[in-house]
Amino acid sequence: MAASTNTEVPQSNKPTEELASAVIRFAGDSGDGMQLAGTQFTDTSAIFGNDVATLPDFPAEIRAPAGTVAGVSGFQINFAASDIHTPGDEVNALIAMNPAAFKAHIDDVQQGGIIVVNEDEFTKINLRKAGYPEGYNPLDDEKYDNKYRITKVPITRLNEETLADTGMSAKDIGRCKNMFALGLIYWLYQRPIDTTVSYLEDYFGKKKKLPAVAEANVKTLKAGYFFGETTEMFPVRFHVARAPVAPGKYRKIGGNEATAMGLATAAQLASKTLVYCSYPITPASDVLHSLAAMRNFGVKTFQAEDEIAAMCAAIGVSFAGQLGVTGTSGPGLALKSEALNLALMMELPVVIINVQRGGPSTGLPTKTEQSDLLQALYGRNGDSPAVVIAAQSPGDCFNTAIEASRLAIKYMTPVIMLTDGYIGNGAEPWRIPNVEDLEPIEISHPVFDEKVEWHPYQRDENLSRPWAIPGTKGLQHRIGGLEKAHITGNVSYDFENHQFMTDLRRMKVEKVADSIPDLEVHGEASGDLLLVGWGGTYGSILTATDRAQAAGKKVSCIHLRHLNPMPKNLKSILGNFKQILVPELNTGQLRMILRGKFLVDARGLNKIAGKPFLVEEIEDAIKIVLNGELGDREYLTPRLHKVDINDQDIDLAKFGINAVRL
Amino acid sequence: MPEKELNVLKPKDFASDQDVRWCPGCGDYAILNQVRRICAKIGQTRENSVFISGIGCSSRFPYYMETYGMHSIHGRAPAFASGVKLANPGLDVWQVTGDGDGLSIGGNHLLHVLRRNFNIKIMLFNNRIYGLTKGQYSPTSEEGKKTKSSPMGAIDMPLSPLSVALAAEASFVARAVDVDKDLGEVLERAAKHEGSAFVEIYQDCNVFNHHAFKYATDKDSKEDHILRLEHGKPMIFGKDRDKGIWLDGNRKPRVVELGKGIQADDLLFHDEHDESLSFLLSRMTYPEFPEPMGVFYQIEDECYENLLQKQVDDAIEAKGKPDLQALFNSGDIFEVK
């Protein structure tokens with residue numbers, strides 16, 4: 001918890017180039033410690049006062065064969081002197097620890113960008129493992145030299161020499177080389193090293209009780225830093241000034257961590273015990289990990305035997321009167337759907353977190369996607385209206401988790417909260433709220449009064465039924481999945497009652513709209529084009545809209561947090577624009593709903609590539625739509641970082657599919 | 001905590017206002033009556049009792065108890081019951097399940113609720129048939145069983161619910177017959193056990209599998225076909241109590257007649273705390289053996305919900321009272337002025 005100082009680095013003789021923002025990417029083998037280097041760079045930059053946005057990218061296999069492209073792990077950081085919302089489109093500087101990392105990431109680097117390679121690893125064997133042809137070394141290829149500013153550094157050897165007298169094994173010494181690389185990049189971007197020094201001392205020295213390892217890592221971190229200073233390899237250093245942000249206390253927060261903290265906070269605001277029931281699944285497991293470490297907040301975690309049991313246990317918790325929550329990712333939500341429907345029928349409050357990943361089936365476990373929207377809304381048997389809300393950024397997961405809990409309790413209903421791998425694993429600076437400013441969550445459990453007739457399915461003004469909990473004398477009742485008679489809650493097979501109860505469940509969820517704020521339009525309230533987004537695409541859509549507005553275009557955007565029910569003023573907003581474009585990381589799920597619900601001619605920008613939108617892709621789509629080039633085609637799909645109206649997909653055309661993409 | 005009102009409630013106080021809708025003559029009626037009786041006898045209160053079931057004929061049980069209840073989804077009752085215990089360890093939680101609900105669709109959850117040792121009473125009504133779906137074979141139906149879904153005979157190997165429960169580390173394992181006099185005593189012991197108590201109840205489905213347990217219920221012959229277990233006593237059975245279970249040189253159980261050179265002291269003695277013995281008993285089936293009834297196994301062990309609560313208490317003791325602001329402020333913070 002040390003409040004670190006923003007120590008400036010010592011002044012150097014090297015010339016400095018001032019940048020508004022920079023995007024750097026660490027890439028190496030999955031055992032090379034790239035995630036650690038990346039998170040340290042992020043922490044340091046956030047504490048320095050930059051706005052930051054990150055994109056970790058790791059392989060699905062824990063240890064894919066070393067040195068192969070499949071085993072490459074990357075971490076991208078965008079840090080800026082202004083407010084930013086995305087991890088950046090093009091990479092300004094790539095740190096490639098081996099040939100596979102070079103091969104996997106080189107195409108993302110901007111022309112003229114900086115590439116630092118660990119030249120020691122460009123051996124014949126490693127080049128072969130990376131899949132380069134025999135006898136070829138990209139470092140000797142002129143085409144790369146002409147396009148990029150490549151700096152070859154013998155990182156492996158320099159690290160070994162730095163630590164030669166530590167007495168550590170060659171293997172342990174090799175593990176420290178990520179810190180050498182990090183030190184060098186700290187020098188290049190004029191970052192203070194003290195945050196990382198204290199991290200290494202705390203983590204390796206105190207927590208792991210390995211002071212020698214801590215010392216070695218600090219030593220090589222510094223060696224990397226001084227290597228930059230004393231050699232002539234880099235003609236210029238860079239500087240990214242602090243971003244002007246609202247005054248207050250800040251910290252860096254990751255999305256899954258924010259979800260966990262939001263849930264723990266919601267439980268306290270409701271004076272309930274949080275019981276988080278979950279089965280490990282990528283990329284949602286970190287929520288379980290964070291909450292498992294919060295026992296001293298009264299938080300109970302239950303690692304169930306499977307996804308279904310996790311959902312059922314959470315419902316059992318709510319039935320017994322505490323806050324039951326489960327968390328998962330897409331395939332897990334599919335398994336939970338039957339039990340979720342039971343909660344809906346029994347009208348119990350329960351929160352389901354879905355950190356979406358690439359699908360269908362096992363899909364792309366470590367990559368992001370927004371393709372569970374329809375599953376969340378409709379993926380259950382029967383007419384089954386659930387409340388669905390989505391977080392839009394890592395820090396926003398905190399507020400969204402509180403709101404999900406609040407709505408679940410107020411309306412006695414399951415609430416599905418959608419996040420995704422991108423915001424779940426991503427991080428951003430977060431302005432720390434004051435606990436006193438958070439509104440308590442009101443709950444009133446009924447008590448027995450013999451003068452008052454009481455029934456488990458009677459309703460209040462919100463159409464919500466009473467939350468009578470076991471242990472309350474005189475209110476014994478039985479609930480279950482069979483249709484309930486209105487008021488009494490007894491089993492009923494009466495057809496008119498079923499019609500009535502089906503309508504009632506729908507109306508109850510529609511009534512949730514009374515508790516959600518109106519949408520605010522970013523930009524003019526009317527114009528040529530409205531972008532409509534939801535969830536984790538917020539940053540890219542906002543940035544693209546800002547750029548279009550700066551270029552004088554009549555473009556505005558709205559971002560939906562509430563997917564069911566939707567805000568009441570959505571319909572009138574949609575009517576104020578000539579065209580509507582819905583960028584989504586799926587094949588058009590929100591678009592379909594908007595078209596069906598509001599009879600508007602919404603068009604899509606749809607990317608299903610396991611990655612978030614580049615801002616440039618949305619800008620391209622805006623241009624195409626505004627230029628009237630879209631015709632009657634319903635959606636656009638970016639390929640290779642470009643949205644190109646003329647780029648025909650030959651492979652698909654062979655199968656007679658040619659209208660799919662533009 | 002209000003004191004338990006001992007013996008104040010009568011069995012009928014545990015009857016809800018709902019009409020019982022099992023088929024006339026179903027074995028479930030006898031079990032329902034015994035459970036109501038035991039709840040009253042041991043001083044359980046209506047408001048602190050929670051009955052949770054899955055899907056199947058037996059799973060209608062909670063509707064007929066004037067307690068809190070949940071008629072949940074197929075096979076998952078152990079997970080709901082676990083959740084109730086996580087939230088409020090003080091409640092008396094009973095789970096009602098059947099051979100299909102508990103051992104087929106819900107087999108996984110049964111293993112885990114038992115190994116975790118939640119303090120839950122689990123009654124598995126075994127009728128060796130799917131009754132609610134009108135007569136298909138179940139995981140306990142005998143090999144060759146002809147049903148609507150197995151017209152040429154079931155080729156599935158049936159499993160022993162008690163062997164499964166023992167292998168899943170259950171801390172209390174017992175068996176009784178729906179109409180037998182000992183059912184009440186077994187249920188009472190289960191109710192008083194601190195931990196997961198698993199009771200298999202032979203239950204007659206008089207519509208789809210009538211007389212499946214005739215050997216264990218027939219007045220004239222049942223004592224020759226069941227073995228009433230008593231802790232610390234030799235395993236004697238038979239209408240005339242002239243037969244016993246003896247372990248041969250290969251540690252195989254054998255049915256022997258008393259008198260002819262074998263005395264009661266030579267027989268196998270029941271020990272409820274002996275894991276191997278209880279497993280051996282769970283493998284004894286009619287007609288080769290009399291089927292053991294009563295408590296097979298019982299040990300004292302910590303309950304999951306208490307261990308979890310202790311972790312919470314220990315963490316608060318070690319790290320102090322919950323302080324959200326301190327949680328928000330954890331990590332590296334920086335101030336913008």
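Letters A, B, ... are given to chains in the order of the sequence lines, protein chains preceding strands, and every chain is numbered from 1. This one's a predicted model, so the numbers in the text were calculated from it and none came from an experiment.
- Proximity to chain B (any heavy atom under 4.5 Å) is restricted, for A:Phe398, to the side chain, taken from C-beta onward.
- The candidate with the highest count of non-hydrogen atom pairs below 4.5 Å against chain A, out of B:Gln311, B:Gln309, B:Glu66, is B:Glu66.
- The residue among A:Thr273, A:Val299, A:Ile308 with the most heavy atom pairs within less than 4.5 Å of chain B is A:Ile308.
- Going from atom CG of A:Asn341 over to atom CD1 of B:Ile73 covers 9.0 Å, rounded to the nearest 0.5 Å.
- Contacts of B:Arg115 with chain A are absent, with no heavy-atom separation under 4.5 Å from either backbone or side chain.
- No donor-acceptor pair closer than 3.5 Å links the side chain of A:Arg251 to the backbone N or O of B:Asn329.
- For chain B, the nearby part of A:Met294 is the side chain; its heavy atoms alone come within less than 4.5 Å.
- A distance-only check finds a donor-acceptor pair linking the side chain of A:Arg478 to the backbone of B:Thr67 [under 3.5 Å].
- Around atom CD of B:Glu302, no more than 12 heavy atoms belonging to other residues, nucleotides or ligands sit under 6.0 Å away.
- For a residue to count as touching a neighbouring chain, one of its non-hydrogen atoms must lie under 4.5 Å from one of that chain's; by this rule A:Ala310 does not touch chain B.
- One finds the NE2 atom of B:His74 at 14.0 Å from the CG atom of A:Leu342 (value rounded to the nearest 0.5 Å).
- The two atoms that bring B:Tyr68 and A:Thr472 nearest to each other are OH-O, 2.6 Å, heavy atoms only.
- The choice from A:Ala313, A:Ala314, A:Gly480, A:Ala309 that makes the most heavy-atom pairs within less than 4.5 Å of chain B is A:Ala313.
- Of the atoms belonging to A:Thr301, it is backbone heavy atoms, and not side-chain ones, that fall under 4.5 Å from chain B.
- Note: A:Val317 leads A:Asp43, A:Ile253, A:Val317 in heavy-atom pairs under 4.5 Å with chain B.
- Contact count versus chain B (heavy atoms, under 4.5 Å) is highest, among A:Ala320, A:Pro247, A:Cys312, A:Gly324, for A:Cys312.
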Applying side-chain contact (heavy atoms from CB on, under 4.5 Å), run through A:Leu475 and B:Glu47 and close with a yes or a no. CA-CA 7 Å; A:Leu475 299 187; B:Glu47 65 270 19; over 6 Å; no
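- In this structure the side chain of A:Asp306 reaches within 4.5 angstrom of the side chain of B:His109, judged on heavy atoms.
- At a 4.5 Å heavy-atom cutoff, B:Tyr64 makes no contact with chain A through either its backbone or its side chain.
- Across all their heavy atoms, A:Arg295 and B:Val312 have their closest contact at O-CG1, 3.6 Å.
- The nearest pair of heavy atoms linking A:Ile432 to B:Phe328 is CG2-CB, 3.5 Å.
- Expressed to the nearest 0.5 Å, how far CE of A:Met346 lies from OG of B:Ser72 amounts to 7.5 Å.
- In terms of heavy atoms, A:Gly316 sits closest to B:Val84 at O-CG2, 3.4 Å.
- Using a distance-only test at 3.5 Å, with no hydrogens or angles considered, no donor-acceptor pair links the side chain of A:Lys300 to the main chain of B:Leu308.
- Both the backbone and the side chain of A:Pro433 come within less than 4.5 Å of a heavy atom in chain B.
- Of the two parts of A:Ile479, the backbone and the side chain both hold a non-hydrogen atom closer than 4.5 Å to a non-hydrogen atom of chain B.
- In terms of non-hydrogen atom pairs under 4.5 Å with chain B, the most contact-rich of A:Leu323, A:Val275, A:Val491, A:Thr265 is A:Thr265.
- Remark: B:Asp323 CG to A:Phe297 CZ distance equals 6.5 Å, nearest 0.5 Å.
- Of the atoms belonging to A:Ala293, it is backbone heavy atoms, and not side-chain ones, that fall under 4.5 Å from chain B.
- Neither the backbone nor the side chain of B:Phe51 comes within contact range of chain A; no heavy atom of the residue lies under 4.5 Å from a heavy atom of that chain.
- With hydrogens and angles ignored, the 3.5 Å screen pairs no side-chain donor or acceptor of B:Tyr63 with any backbone N or O of A:Asn490.
- In this structure, the separation between CD1 on A:Ile315 and CZ on B:Arg76 is 11.5 Å, given to the nearest 0.5 Å.
- When the options B:Glu317, B:Lys321, B:Lys319 are evaluated for a side chain to side chain contact (heavy atoms under 4.5 Å, CB included) with A:Asn296, the one that passes is B:Lys319.
- When each of B:Asn88, B:Leu111, B:Leu86, B:Asp313 is scored by its heavy-atom pairs under 4.5 Å with chain A, the top score falls to B:Leu86.
- Between A:Phe319 and B:Val50 the shortest heavy-atom distance is CE2-CG1, 3.8 Å.
- Only the side chain of B:Leu91 has a heavy atom closer than 4.5 Å to any heavy atom of chain A.
- Contact check on A:Glu305 versus B:Arg116 returns a salt bridge, with a Lys/Arg side-chain nitrogen under 4.0 Å from an Asp/Glu carboxylate oxygen.
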